[in-house]
Asks: 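Before we start, here is the structure in question, set down as structure tokens.
Quick caveat: nothing in here was measured; it's all calculated off a predicted structure.
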Amino acid sequence: ISDENQVEITVIVIFLSVKQVTENHADPETMLLSFLREKLRLTGTKYGCGGGGCGACTVMVSRFQPATKTITHYSANACLLPLCQLHGAAVTTVEGIGSSKTRIHPVQERIAKAHGSQCGFCTPGMVMSMYTLLRNKLQPSMDDITQALAGNLCRCTGYRPIVDGCRTFCQETNCCQANGVGNCCLSGEVNTEEPEQEKPQLFDKNDFLPLDPTQELIFPPELILMAETASPQTLTFQGERMTWMSPASLEELVQMKTSNPKAPLVMGNTNIGPDIKFKGVLHPLIISPTQVKELFEVTQTPQGVWVGAGCSLSEVQSLLEKLVIQFSEEKTELFKALIHQLRNLGSQQIRNVASLGGNIMSAYPNSDLNPVLAAGSCKVSVISNAGRREVPLNQDFFVSFGKTILKPEEIAVAVFIPFSRKGEFVRAFRQAPRKESSFATVTTGMRVFFSEGSRVVQDVSIYYGGMGPTTVSAAKTCAALINRPWDDENLSRAYDILLDELALPPSAPGGKVDFRRSLTLSFLFKFNLEVLQKLREMSLCLQNVIIDELPNKMQIHPLPKEIQPSLQEFQHVSNNQSNLDPVGRPIMHRSAISHATGEAVYCDDIPKTDGELFLAPVTSSRAHAKIVGLDVSEALQLPGVVDVITAEDIPGKKVRPFGGYTEELLAATEVVSCIGQLLCAVVADTRAHAKRGASAVKISYEDLPEPVFTVEEAIEKLSFFEPRRVLEKGNVTEAFKSVDRVYEGEIRLGGQEHFYMETQSVLVVPVSEEKEFNIYISTQITVDNTDPSKEAVAETLNIPSNRVTCHVRRIGGAFGGKVTKTAILASITAVAALKTSQAVRCILDRGDDMLISGARHPVLGKYKVGFMNDGRILAADVQYYANAGNTVDESVLVAEKIVLHMDNAYNIPNLRGRAAACRTNLPSNTAFRGFGVPQSIMVVENMLNDVAMVLGRPADQIREINMYKGQSVTHYKFEFCPENLLRCWDECKLKSDYSARCKTVDQFNQQNRWKKRGISIIPIKYGIAFTDSFLNQAAALVHIYKDGSVLVTHGGTEMGQGIHTKMQQVASRELHIPPSKIYISDTSTNTVPNTCPSAASFGTDANGMAVKNACQILYQRLEPIRQKNPKGSWESWVNAAFFEKMSLSATGFYRGPDLYIDWDKMEGEPYAYFTFGACCSEVELDCLTGDYRTVRTDIVVDIGRSVNPSVDIGQIEGAFMQGLGLYTLEELKFSPSGLLYTRGPSQYKIPAVCDVPLQFNVYLLPDTYNPHAIYSSKGIGEPVLFLGSSVFFAIKDAVAAARSESGLVGPFSLDSPATPERACLACASPFTQKIPASKPGSFKPWALNI
């Protein structure tokens, strides 16, 4: 664009939930998400990751198609949708479909009432995905629902209740149990004539509003008129740094591209968008050819079909599905292979906008489609000034990483996909870290052609993705197969050629080298099995039997994926409980409706104040270095940048003390000790300006020698945070002399990112006088004596605590990750607010959050175990090394909890545990749900598994033999009764039909060579409360107003665990009034001071007792009034009390148990009581790829008398799924220089809907009580997370079955997480055994083994 004056800037017209919105100055860099949230103040659509990977920002986009006179609705990620692309579109957000002020939509109601929301941050996205599905299909199938939700992540619920709520829209809901009813025909119970009391259910389907399609929003008639009458015109949008042009015709597009060959073409923005956002790529001009109709045309020819390069992947998928029905099977082999890949490529939201041409032209090395298109002999029609040409998609098409053979000015217009011929077979395979919504590790497209009635190969084509910088052709392998019969001899030669042909250097980008090489062979073998099956079918048709029957054992069927209805069993409240008393009933989360309508306010939803600034942190890019220069001059010159905050600006304490060590708020000394350490912060008028300013700060370093990254390096250099902890009982050394056998082993556990859906968020608002500050923050702790947000801010600003008020309305998930680092971020933001005298907001990007905030501690566990031949373990010596990172944080406390829990459920007479927190140059690790226990017990359970394998006995027998029985004493001399532990174990075996299923698993394994099943049952004994006794106290403040309404505030923070809901139930019971009269205000330090963290599964125990105390005081106070007027109403009593000058306000307090541990004497009472549970899981494993499905999980937990079964069952399911992620899926990857690679959902995979056990049953142990907690309940937030390891051990069981096929028996090493890579390599199939091992030390690996 040579002359700016000639450019006419287009005014954008979109309709938002039927209201017209115009924007005169649309910036090409503005995404719909920031436009909705910042410009229109529609905050229901959430920011979760900014890269289209989590679904929190899902909206529905609708467009009128003049050609077909139809309206299309599709879901999309608002964080990747450029505003410029939405001219003439209707956008529906969660606010538009229903609200509590008007009426709520059935989708919102069902997700809420089915208990599908906990922290609620992901709920609007879930609602919009489901809403869009229903707009397109009134009666979806379960498969439609799981596809629609595949791109929406939730970290709280475990997905089961979300799926159950959505299932009520299904055609398949005839099952008696699909609506949450406990008893069911599936459970095999026979109904007798006299049914016992009906089992309670979590929700009743009959309460739901019906779905009425006539009540939906209509498509704006103005947009239909606009689409039908407006002649196409060039759209131009000019931004601060970019220009966006949308040509009206193909000719104009060609012209534009000729003049600007470097300008990218953007259709769905799923490739260019993340590059601009995360890699800082800047394109002065972007061309968006969405108006060029030739790019969307589909033409059939006798040879195949031409598909417009602009068609979205969803459109391509539905077109191919129609063609498969229309044409004979032999003509649609390639179509079916493409459909197979498309189903798993990205999420529904991504496929709805990403284009076929964009997918091909981005030339990703691990592309799902390119290998299939290339193997299928497809071609691309391209156009430029020089005219049209057709370019075959073959090995010459992909030149290098992200580059194709096309010239810069050429434009892909259409893609030709040919029909297959008789005797031609096409298959596609992929393996990815997660089954859905995940970039592939390796993909392949394979095609073979036989002449009729023969098994001699006429033509063969094999392409792989993920095996180099481009899509690669296995040309030599193909040459070895052509003109030869398809038989074992030729194929076994082909495997060897393929192995040589596709060599990967051991330090190849992306790592997993052995696994990737093994997959190339496994995929060819899978193709071989499918071809043999097809040849057999063909030869049977011809009555010309040329091939032996493929043995059943060798066949490979896909892993099961149908989600079954599940059971949730809990106890009825007793018959004599008042109907008004809500305790023990499955009451919906008190904010669930607000979550589902988007009305729930989170920290970043608070409206901007006038003059508010945004803060972006600047972090270290070196792990161990000296800062030689920090130059902020360039940053300060940038538009919008107001100031840069450094350590010198801090008026008070520049460090936070913790455990005898200190952590700098901002680098005050010259040395940095990890990548991601906070150095300074840029304050600017907008988020975008602050981020650009942060990128412009120049820091020069001088590297220091020998950084420490792994625990082995820390051990070698004695780099530890003191004290190291030891607990011992009996005489371990002597006991080893008297046992039958001794075995030594080890297991490594990777770390885990919290991945709370709402990133770290803080808003600091200075009050105009006397240095007073209001802080709105997403934290688990408003203030305490260890590491508070409020106290940290007060000390940093050098003002008294009474000038700082912290407010926490709700948190979008925390899991331990919003305690220590949150206080530091709040302090830095407060310094900025003090210096600028303006409100300052700091909301971390997902990548910065993952880099800065730390994770669960990776642990190396080494053990030596002595046992008898009958399975009794007499001695164990266990050493734990936790990778603490660069500062102490809570690492020493984690190490303490590791040794305190190492006995789990087992009475080992001679037991020694030692734990060390290793100081390394990685970002500091911190608290995470379970606080060391999931690592501690995992090591011990792996040890028991090894004992079982050495003895050749079932692992559950070894566990049973060694369990605590009768009145017992732990290794720290704490007495307890394990009766309920044993009850949970027996009940779990019974409910899961364990012994019968073990036999079925064995049978399955005998009948299948390449798929194996595994089953495992695991117990848990988890100590509840804080070992530091002062943390167990709590306070509450209760006001009764003259109209009878009640306001409750307490010290706990609501982060999805339902604490406010439970407090409302407590107050309702104690005051004898319905919950509707009780309101829970936000947690704030001006109502309840000196609070303790909502952590250690102790929030309800402590705060519940404080609320109960306050309510009892008030109820007692009203006693004389009630006696005077026993038949009066609550309101009349309250009114009378006011006129009698009685105080209607009370503070409640709970002192908490006095707990302690004496480390010198190795004894104490560190916990108030134990929560017990047991879990049985069964998996099916594909031994060739390492992919698995959890077929069924049964969990039995003793939580005493549940205060709210729906909340508690939700906590159990959510914790289990987080554990499943920890032990089988989630991997933090660091570069050799200590940089975290996995900084977002595209690289770091948390469990999605596809990972939920296909049958997921939860049973609360009946008839139990707990005298140590409120209403006989028990803490439940953390204990069940460890039970996710039952899936790990089930995978290990399946791997053991696979290894036995290769003649390998006895213990073997399988580190956690048991990813597909680890499981596949451990199976030791003939293909993995072909891979030559790289010699450690002879190369620099792509990622560190943390």
Asks: Quick one: does any side-chain atom of Q577 pair with a main-chain N or O of V583 as donor and acceptor, under 3.5 Å?
Replies: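 Yes; at least one donor-acceptor contact below 3.5 Å.
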Asks: Any donor and acceptor pair, going by atom type alone, linking the side chain of T1083 with main-chain N or O of G1052 inside 3.5 Å?
Replies: yes
Asks: Compute both the distance and the angle, then confirm whether R110 meets the cation-pi test with F203: under 6.0 Å from the six-membered ring centre, within 45 degrees of the axis.
Replies: no
Asks: Is there side-chain contact between S1094 and M1055, with at least one heavy-atom pair below 4.5 Å?
Replies: yes
Asks: Counting distance only, does the side-chain N/O of Q564 pair as donor-acceptor with the main-chain N or O of Q1255 below 3.5 Å?
Replies: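 No: the side chain of Q564 does not pair with the backbone of Q1255.
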Asks: Which distance, rounded to the nearest 0.5 Å, do you find between the CD of E1213 and the OG of S566?
Replies: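 Between E1213 CD and S566 OG, I get 7.5 Å after rounding to 0.5 Å.
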Asks: I'd like to check M588 versus I593 (side-chain heavy atoms, cut-off strictly below 4.5 Å). Are they in contact?
Replies: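 Heavy-atom side-chain distance check passes, below 4.5 Å.
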Asks: Hey, is CD on E1163 packed in by over 12 heavy atoms from elsewhere, all under 6.0 Å?
Replies: yes
Asks: If every non-hydrogen atom of L1281 is compared with every non-hydrogen atom of P934, which pair is closest and at what distance?
Replies: CD2-CG, 3.5 Å
Asks: Please tell me whether Q571 and D1263 have a donor and an acceptor in their side chains that are separated by less than 3.5 angstrom.
Replies: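 Yes, D1263 and Q571 have a side-chain donor paired with an acceptor closer than 3.5 Å.
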Asks: How long is the straight-line distance from CG of D903 back to CD1 of I908, given to the nearest 0.5 Å?
Replies: 8.0 Å
Asks: Does a side-chain heavy-atom distance below 4.5 Å link I563 with V1249?
Replies: yes
Asks: Measuring from R160:CZ to I1212:CD1, what's the distance to the nearest 0.5 Å?
Replies: 10.5 Å
Asks: Donor-acceptor check, side chain of D581 to backbone of R1069, threshold 3.5 angstrom: yes or no?
Replies: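 Side chain of D581 to backbone of R1069: no pair is present.
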Asks: Side chains of I873 and Y906: closer than 4.5 Å at any heavy-atom pair?
Replies: no
Asks: Ignoring hydrogens and angles, tell me if any N or O in the side chain of D1028 forms a donor-acceptor pair with the backbone of F1030 under 3.5 Å.
Replies: no
Asks: Compute whether any side-chain donor of one residue and acceptor of the other, for S1286 and S1016, lie under 3.5 angstrom apart.
Replies: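 There is no such pair between these side chains.
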Asks: Main chain of R1201, side chain of Y1271: is a donor-acceptor contact present, judged purely on distance under 3.5 Å?
Replies: no
Asks: Tell me, do R1122 and E1119 make a side-chain contact under 4.5 Å, heavy atoms counted?
Replies: yes
Asks: Under 6.0 Å between ring centres, would you say that holds for Y1167 and H901?
Replies: yes
Asks: If I compare all heavy atoms of N962 with all of G871, which pair ends up nearest, and what's the gap?
Replies: ND2-O, 3.0 Å
Asks: Are D986 and K989 ion-paired here, with the side-chain N under 4.0 Å from a carboxylate O?
Replies: no
Asks: When you measure from the centre of the six-membered ring of F1170, is the NZ or CZ of K1021 under 6.0 Å away and within 45° of the axis?
Replies: yes
Asks: Short question: side chain of S1272, backbone of P1267 - any donor-acceptor pair under 3.5 Å?
Replies: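 No; zero donor-acceptor contacts below 3.5 Å.
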Asks: Check the pair R810, S591 against side-chain contact (heavy atoms from CB on, under 4.5 Å), reporting the backbone distance first and the verdict last.
Replies: CA-CA 10 Å; R810 60 173 57 81; S591 301; 3.2 Å; yes
Asks: Do H595 and S117 meet the criterion of a side-chain donor-acceptor pair at a distance under 3.5 Å?
Replies: yes
Asks: For the salt bridge (charged side-chain N to carboxylate O under 4.0 Å, His left out) test, which of R1189, R1192, R1013 pairs with E1178?
Replies: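 Output: one option passes, namely R1013.
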Asks: Distance-only, no hydrogens or angles: does the T1061 side chain make a donor-acceptor pair with backbone N or O of H589 under 3.5 Å?
Replies: no
Asks: Any heavy-atom pair between the side chains of C119 and I811 that's under 4.5 Å?
Replies: no
Asks: As an exercise, state the distance from CD1 of I1024 to CD1 of I1276, rounded to the nearest 0.5 Å.
Replies: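 With rounding to 0.5 Å, CD1 (I1024) is 7.5 Å from CD1 (I1276).
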Asks: Just verifying a value: how many Å separate I961 CD1 and N907 CG, rounded to the nearest 0.5 Å?
Replies: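 Here the interatomic distance stands at 13.5 Å.
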Asks: For Y1265, does the OH atom sit with more than 12 other heavy atoms under 6.0 Å from it, leaving out its own atoms?
Replies: no
Asks: Can you name the nearest heavy-atom pair linking M938 to Y1223, along with the distance?
Replies: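 Scanning both residues completely, I find the closest heavy atoms to be SD-CE2, 3.7 Å.
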Asks: How long is the span from the CD atom in Q1033 to the CG atom in N1103, to the nearest 0.5 Å?
Replies: 11.0 Å
Asks: Would you please indicate yes or no on a ring centroid separation below 6.0 angstrom for F1256 and F1216?
Replies: yes
Asks: Begin with the C-alpha distance, continue with both residues' side-chain angles, and end with the deciding distance and a verdict on side-chain contact (heavy atoms from CB on, under 4.5 Å) for M1063 and T1100.
Replies: CA-CA 8 Å; M1063 295 309 102; T1100 298; 4.0 Å; yes
Asks: For R983, is there an ion pair with E987 - N to carboxylate O distance below 4.0 angstrom?
Replies: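 No, this pair does not count.
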Asks: Do N980 and T1264 have side-chain atoms, one donor and one acceptor, less than 3.5 Å apart?
Replies: no
Asks: Using every non-hydrogen atom in the two residues, find where A905 and P1019 come nearest and quote the distance to one decimal.
Replies: CB-CG, 3.9 Å
Asks: Let me see the working for C1092 and N1032 under side-chain contact (heavy atoms from CB on, under 4.5 Å), right down to the final yes or no.
Replies: CA-CA 7 Å; C1092 293; N1032 294 316; over 6 Å; no
Asks: Would you check if E1070 and Y1115 make a side-chain contact, meaning some heavy-atom pair closer than 4.5 Å?
Replies: no
Asks: Do you know the tightest heavy-atom contact between D1194 and K991?
Replies: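 Scanning both residues completely, I find the closest heavy atoms to be OD2-O, 4.0 Å.
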Asks: Knowing that exactly one of Y964, Y1022, Y1169 qualifies, which makes a ring pair (Phe, Tyr, Trp, His ring centres under 6.0 Å) with F976?
Replies: Y964
Asks: Determine whether F928 and Q1218 satisfy the following criterion, side-chain contact (heavy atoms from CB on, under 4.5 Å), listing intermediate values before the conclusion.
Replies: CA-CA 11 Å; F928 195 144; Q1218 216 168 37; 4.0 Å; yes
Asks: Answer yes or no for R959 and F1289: cation-pi contact, defined as NZ/CZ to six-membered ring centre under 6.0 Å and angle to ring axis within 45°.
Replies: yes
Asks: Using modelled atom types only, decide if a donor and an acceptor are shared between the side chain of R953 and the backbone of D870 within a distance under 3.5 Å.
Replies: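 Checked: pair present.
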Asks: Looking only at atom types and distance, does a side-chain atom of S936 sit under 3.5 Å from a main-chain N or O of G932, one as donor and one as acceptor?
Replies: no
Asks: With no hydrogens and no angle check, do the side chains of T1190 and S1177 hold a donor and an acceptor under 3.5 Å apart?
Replies: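 S1177 and T1190 do not have a side-chain donor-acceptor pair below 3.5 Å.
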Asks: Closest approach of F1026 and L1155, non-hydrogen atoms and distance?
Replies: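 That would be O-CD1, 3.4 Å.
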Asks: Is there a side-chain contact between H1060 and Q1064, using heavy atoms and a 4.5 Å cut-off?
Replies: no
